Amino acid sequence: MKKYLIQKTPFVVPTTDGKLIEEHHGKVATNNDDISIAHMIAPPKWSEPFQTPEFEEYTFIISGKKQFIIEDDIIVLEAGQSIKIEANTRVQYSNPFDESCEYIAICKPAFDFTKVHREDN
């Protein structure tokens, strides 16, 4: 048995907001509950509601900019920058800018929609 897995066909998460989410490793793509790794592209003017996930989330910006509202702080990351957000932290992710933002998101344990706890708009 091989001790590695090359991911050639990530799971493309269906979205209705124009955001591309390709899960390379995680609950759906590779049946991994411990960690998820996703390639994402957030279109200009995209945003999600506030949420308080039960997992840590790491984000690395490849291109463009992404805004984070973390409790009372507004943070904007640019290409080459990264952030770690602790589990059970209230956060809102958005791209209020005029260009797309491409990034990698890593969640530990793996992203689980039932553990995101999104707020109603």
Side-chain angles (χ1 to χ4, degrees):
M1 183 169 159
K2 293 184 181 183
K3 295 186 178 185
Y4 61 88
L5 170 67
I6 297 172
Q7 176 57 281
K8 295 180 182 179
T9 55
F11 175 72
V12 178
V13 178
T15 64
T16 58
D17 59 3
K19 183 178 177 186
L20 171 68
I21 305 172
E22 297 174 322
E23 183 182 87
H24 283 259
H25 299 276
K27 292 178 82 62
V28 177
T30 55
N31 198 30
N32 186 338
D33 292 331
D34 296 327
I35 193 168
S36 60
I37 301 173
H39 170 247
M40 301 194 188
I41 301 176
K45 310 304 181 194
W46 164 87
S47 69
E48 290 181 339
F50 276 93
Q51 54 195 311
T52 307
E54 293 179 33
F55 44 81
E56 297 175 346
E57 186 158 353
Y58 300 77
T59 302
F60 174 77
I61 308 298
I62 297 169
S63 66
K65 296 187 284 188
K66 185 176 177 185
Q67 179 174 286
F68 304 75
I69 301 176
I70 304 169
E71 296 179 348
D72 295 325
D73 295 331
I74 297 175
I75 297 162
V76 175
L77 293 186
E78 298 180 4
Q81 297 180 322
S82 63
I83 191 169
K84 173 191 177 188
I85 301 173
E86 297 288 343
N88 303 306
T89 300
R90 186 173 186 260
V91 61
Q92 181 197 38
Y93 301 106
S94 67
N95 177 11
F97 309 106
D98 292 328
E99 64 179 293
S100 294
C101 178
E102 182 178 11
Y103 60 100
I104 300 293
I106 300 170
C107 299
K108 190 174 179 188
F111 180 90
D112 181 336
F113 195 77
T114 66
K115 296 180 179 179
V116 173
H117 307 294
R118 288 192 176 156
E119 299 175 13
D120 294 331
N121 285 342

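Since the model is a prediction, treat every value here as computed from it, not as a measurement. Only heavy atoms go into these numbers, but all of them, side chains included; no hydrogens, no water, no symmetry mates.
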Open item on the list: Test your reading of the model: is there a side-chain donor-acceptor pair from K45 to the backbone of P96, 3.5 Å cut-off?
Closed with: yes
Task: Cationic N near anionic O, under 4.0 Å, R90 to E119 - done: yes
Going from [atom1] on [X] to [atom2] on [Y], what distance comes out if it is rounded to the nearest 0.5 angstrom?
X    : Y   : atom1 : atom2 : answer
K19  : M40 : NZ    : CE    : 4.5 Å
F68  : Q92 : CZ    : CD    : 11.5 Å
K65  : D98 : NZ    : CG    : 8.5 Å
I62  : S82 : CD1   : OG    : 12.0 Å
K66  : N95 : NZ    : CG    : 9.0 Å
H117 : E54 : NE2   : CD    : 3.5 Å

Taking all heavy atoms of [X] and all of [Y], pick out the closest pair and write down the distance.
X    : Y    : answer
F55  : A110 : CD2-O, 4.3 Å
S100 : P44  : OG-CD, 3.6 Å
E86  : T89  : O-OG1, 2.9 Å

Open item on the list: Does any part of the side chain of I85, heavy atoms only, come nearer than 4.5 Å to the side chain of Y93, both counted from C-beta?
Closed with: yes
TODO: Determine whether F50 and S47 make a side-chain contact, defined as any pair of heavy atoms from C-beta on separated by less than 4.5 Å.
DONE: no
- [ ] Step through it carefully: locate the ring centre of Y103, locate the ring centre of F60, and say whether they are under 6.0 Å apart.
- [x]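 No - the distance between ring centres of Y103 and F60 does not fall below the 6.0 Å cut-off.
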